Amino acid sequence: LTLTNPHVPEHYREAARGLAMRLERRMAASGDKVLLFCGTLPGEGVRTTAMTAAHALGEMGKSVVLIDLDLKRGMDKRSPGLEACLFGHCPVQEVLHRRGAERYAACSRGLSPREVLAVGENLRGAIASLREDADCVLLIAPESARFAEILPAAESCDAAVYVIEQDRASRTKIKAGIEKLLSCDV
């Protein structure tokens, strides 16, 4: 589902533009540049929401970088993947691929739990580098139960967008996910 797809209804495009305008206004007022998109359960629309916001912000003329932090799930088969940067083989700018108006990076293979723990400092450095490089850096987090995997990234964020699919997760799980996020000082 993308805004460039002619089958996407106009009300969805308008909602995406509205989200992008609200994010842009908030970021301009606060000086925020790095946003973490997260949710309670897998499949709640976090990735779609972040990708849609990235595209809409790009259409507004913003320089946008979108990073998928689901490090255990290899998604992008292009090489080099995000893991090349995280293992210190190249700067993050070399793993960014053009995706419409925005630049995008994800792991080309899933990382083991040991590898995820080992790349924390490089992840922090990559985000710092992107902060200097782009108007907006949007990070896609795995579900809240796996926040520990992305703690270095969460600590580098200025703000978060918590996506909730109506009637999917219990209030208890949503509250626990938001509390985990708040414990990262986002």
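Sequential numbering from 1 along the given sequence is applied to the chain's residues. No experiment lies behind these values; they were computed from the predicted model shown.
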- Message: Please say yes or no: joined through hydrophobic side-chain contacts below 4.5 Å, possibly via intermediate residues, are Phe147 and Leu117 part of one cluster?
- Response: no
- Note on the structure: Arg168 meets the salt bridge (charged side-chain N to carboxylate O under 4.0 Å, His left out) criterion, sequence neighbours left out, with Glu165
- Note on the structure: Of Glu24, Glu102, Met27, the one forming a side chain to side chain contact (heavy atoms under 4.5 Å, CB included) with Lys62 is Glu24
- Task: First locate atom CD1 of Ile164, then atom CZ of Arg171, and finally report the distance between them rounded to the nearest 0.5 Å.
- Result: 10.5 Å
- Message: In the structure I gave you, are the side-chain heavy atoms of Phe87 and Asn122 within less than 4.5 Å of one another anywhere?
- Response: no
- Message: Please determine whether side chain to side chain contact (heavy atoms under 4.5 Å, CB included) holds for the pair Leu86 and Leu71, giving the CA-CA distance in whole Å, both sets of side-chain angles, and the decisive distance to 0.1 Å.
- Response: CA-CA 10 Å; Leu86 298 179; Leu71 303 177; 3.8 Å; yes
- Message: Do Leu130 and Leu151 sit in one hydrophobic cluster, given that two such residues count as connected whenever their side-chain heavy atoms are within less than 4.5 Å of each other, even indirectly?
- Response: no
- Query: Does Arg26 use its side chain to pair, donor to acceptor, with the backbone of Ala159 at less than 3.5 Å?
  - Reply: no
- Task: Heavy atoms only: give me the nearest Cys90-Val95 pair and the separation to one decimal.
- Result: SG-CG1, 3.7 Å
- Query: In Å, rounded to the nearest 0.5 Å, how long is the span from CG of Leu123 to CD of Glu149?
  - Reply: 11.5 Å
- Keeping the roles fixed (side chain from Asp135, backbone from Ser63), state whether a donor-acceptor pair exists under 3.5 Å. yes
- Smallest heavy-atom separation, Phe37 atom then Ala50 atom, equals CG-CB, 3.6 Å
- Do Leu139 and Ile150 come close enough that some side-chain heavy atom pair is under 4.5 Å? no
- Item | Lys180/Glu143 ion pair, N-O < 4.0 Å | no
- Same hydrophobic cluster for Leu35 and Val163, using side-chain heavy-atom links shorter than 4.5 Å among ILVMFWY? yes
- Message: Using only atom types and a distance under 3.5 Å, with no angle test, would you say the side chain of Lys33 pairs donor to acceptor with the backbone of Arg131?
- Response: yes
- CG on Leu57 to CG on Leu23, rounded to 0.5 Å: 6.0 Å
- Message: What's the separation between atom CD in Glu179 and atom OG in Ser144, rounded to the nearest 0.5 Å?
- Response: 10.5 Å
- So which pairs with a foot in residues 83-95 pass side-chain hydrogen bond (donor to acceptor under 3.5 Å, both in side chains), sequence neighbours left out? Glu83-Ser108, Gln93-Ser129, Gln93-Asp133
- Atom pair SG (Cys136) and CG (Leu66), whose distance is rounded to the nearest 0.5 Å: 11.0 Å
- Message: Distance check, rounded to the nearest 0.5 Å: Cys157 atom SG versus Asp32 atom CG?
- Response: 10.0 Å
- Task: Search all heavy atoms of Ala134 against all heavy atoms of Val65 and return the closest pair with its distance.
- Result: CB-CG2, 3.8 Å
- Query: Just wondering, do Ile67 and Leu82 contact through their side chains at under 4.5 Å, heavy atoms?
  - Reply: yes
- Validation row: Val34, Ser156 side chains within 4.5 angstrom (heavy atoms): no
- Evaluate the side-chain proximity of His97 to Arg103: yes if any heavy-atom separation is below 4.5 Å, no if none is. no
- Query: What is the minimum heavy-atom distance between Leu96 and Ala105, and which atoms define it?
  - Reply: CD2-CB, 3.8 Å
- Query: Linking I/L/V/M/F/W/Y whenever their side-chain heavy atoms sit closer than 4.5 Å, directly or via other members, would Ile178 and Leu69 fall into one cluster?
  - Reply: yes
- Task: Could you pull out all residues at least two apart from Gln166 that satisfy side-chain hydrogen bond (donor to acceptor under 3.5 Å, both in side chains)?
- Result: none
- Query: Do the side chains of Leu19 and Met51 join up, straight or via other hydrophobic residues, at under 4.5 Å, putting them in one cluster?
  - Reply: yes
- Query: Shortest non-hydrogen contact from Gly39 to Val46?
  - Reply: N-CG2, 3.5 Å
- Under 4.5 Å between any side-chain heavy atoms of His55 and Glu59, yes or no? yes
- Sort out for me which residue in Val161, Leu181, Ile140 forms a side chain to side chain contact (heavy atoms under 4.5 Å, CB included) with Cys38. Leu181
